[in-house]
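Encoded as structure tokens, the structure appears first; notes follow it.
Within every chain, numbering begins at 1; the chains are lettered A, B, ... in the order of the sequence lines, protein sequences first and strands thereafter.
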Amino acid sequence: MTFTPWRSLGKKTSFTEHSLAETLDGGQSFRWNQTDTGSLLGVWARNCVELRLHSGRLEWRSPTQAPVSKEELERYLGLDGLHDQACDALPWRSDPLLATAMQRFPGLRLLRQPFGETLFGFLLSAVKSIPQIKEGCERAAASFGEEIVPGVWAMPDWEDLVDISEEELRACKFGYRAKYVWGTARFLSERPGYLAQAEAASYEDARAMLMQLPGVGGKVADCALLFGAGKWEAFPVDTWIAKVMNASYGLAGMSLDQVAHFGRVHFGSHAGLAQQFLFSAARRDAD
DNA sequence: CCGCAGCCTCCCCT
DNA sequence: AAGGGGAGGCTGC
């Protein structure tokens, strides 16, 4: 496929090679891959974009057949003033663990992905590793999504999935998550506007709405809200975060829900951003 | 309200 | 070399 020329995204970026890769391919999103030239190629909604860091600037290009606007890209990457403000407002001054994690991933930020496809990815995430979730998303896109440019597929919308049988979903190797996807597609088809309503609702209301969906518990709901709806007070607690929090804040014996509540209280209205730094640091330590 | 097994599939380990 | 344990959870008992 042919691409537009590389374009620069404004002034110098706070991304490093490290934090760019961690932001796009570190578990928030499941549709970015490193290319053999060191750039990153990703898909969201009907958009396909290649990103690279060049002379301290963030550069991008998209297929000429499927151009992406600069505004859409900036929105997706969260390139506005809110990120720096949110970082500064985190309690790193009084929390050495957080301060260390933030120093280790300068430039790491939260994406603003399409809500529906973020939910889809995390619906597949139970007891799976990131590469496995990515494969599942890729199979779903190639099987049920629209081909944007040759060889690149958009994720299917939830409406596109309502006629897909559980057997067809199992053919994508979703395993027992196939019935979650099937049930969620059915649930949403019977309630037009449900996801849009959740996206517009307060964090607490949105979380309760998502948890009505089959296969969506507190952790999956928080991930969808944090990475796909801009609700930064969401504090997803997975096994990594639970382990770090238990060890570092004396939370041994707490349930995951209690740890999530502690996180929201301790880190404040941008708790999810703190979670992302801690998550990346914890995962890195394990390597 | 809490704790626990089971669930698809793949991977890593012995 | 075959088989058990566990992986970025949720559900139902």
Provide the distance between the two P atoms, one in C:dG4 and one in B:dG6, to the nearest whole Å. 15 Å
Taking atom NZ of A:K173 as the centre, does the number of heavy atoms from other residues, nucleotides or ligands within less than 6.0 Å exceed 12? no
Write down the distance separating the P atoms in C:dA7 and B:dC4, rounded off to the nearest Å. 16 Å
Only one of A:Y180, A:F227, A:W158 passes ring pair (Phe, Tyr, Trp, His ring centres under 6.0 Å) with A:F120, and that residue is A:W158
Whole-Å P distance, C:dC10 and B:dC11: 23 Å
Along DNA chain C (nearest heavy atom to each residue), the more 5'-positioned of A:V216 and A:Q276: A:Q276
Quantified in whole Å, what is the P atom distance between nucleotide C:dG6 and nucleotide B:dA5? 12 Å
B:dC8 and C:dC13, which share atom name P, separated by this distance in whole Å: 16 Å
For the pair A:E50 and A:S39, evaluate side chain to side chain donor-acceptor pair (under 3.5 Å) and give the outcome as yes or no after the intermediate values. CA-CA 7 Å; A:E50 189 175 358; A:S39 64; 2.5 Å; yes
Apply side chain to side chain donor-acceptor pair (under 3.5 Å) to A:Q65 and list each qualifying residue two or more places apart in sequence or on a separate chain. none
Centre-to-centre under 6.0 Å for A:Y194 and A:F187, is that the case here? yes
For DNA chain C, the dot-bracket pattern of Watson-Crick and G-U pairs whose distances stay under 3.5 Å, | for other-strand partners: .||||||.|||||
Can you tabulate the close N/O pairs, meaning under 3.5 Å, that link protein atoms to atoms of nucleotides 11-14 of chain B?
none

With a 4.0 Å cut-off on N to O distance, would you call A:E166 and A:K179 a salt bridge? no
Taking the six-membered ring for Trp, are A:W44 and A:W32 parallel (under 30°), tilted (30 to 60°) or perpendicular (over 60°)? parallel
Below 4.0 angstrom, N of the basic side chain to O of the carboxylate: do A:R284 and A:E22 qualify? no
Does the side chain of A:K128 get closer than 4.0 angstrom to OP1 or OP2 of B:dC8 through an N or O atom? no
Within residues 220-245 of chain A, those residues having any heavy atom closer than 4.0 Å to DNA chain B are none
If the sugar-phosphate is the primed atoms plus P, OP1 and OP2 and the base is the rest, what is the B/S/- string for nucleotides 1-7 of chain B, using protein heavy atoms under 4.0 Å? ------B
Does A:L225 belong to the same Ile/Leu/Val/Met/Phe/Trp/Tyr cluster as A:L111, with side-chain heavy atoms less than 4.5 Å apart forming each link? no
Please tabulate, one pair per line, each protein N/O and nucleotide N/O from nucleotides 3-6 of chain C that are separated by under 3.5 Å, including the distance.
none

Please check if atom CZ in A:R75 has more than 12 non-hydrogen atoms from other residues, nucleotides or ligands closer than 6.0 Å. no
Within one Ile-Leu-Val-Met-Phe-Trp-Tyr cluster: A:L20 and A:F105, side-chain cutoff 4.5 Å: no
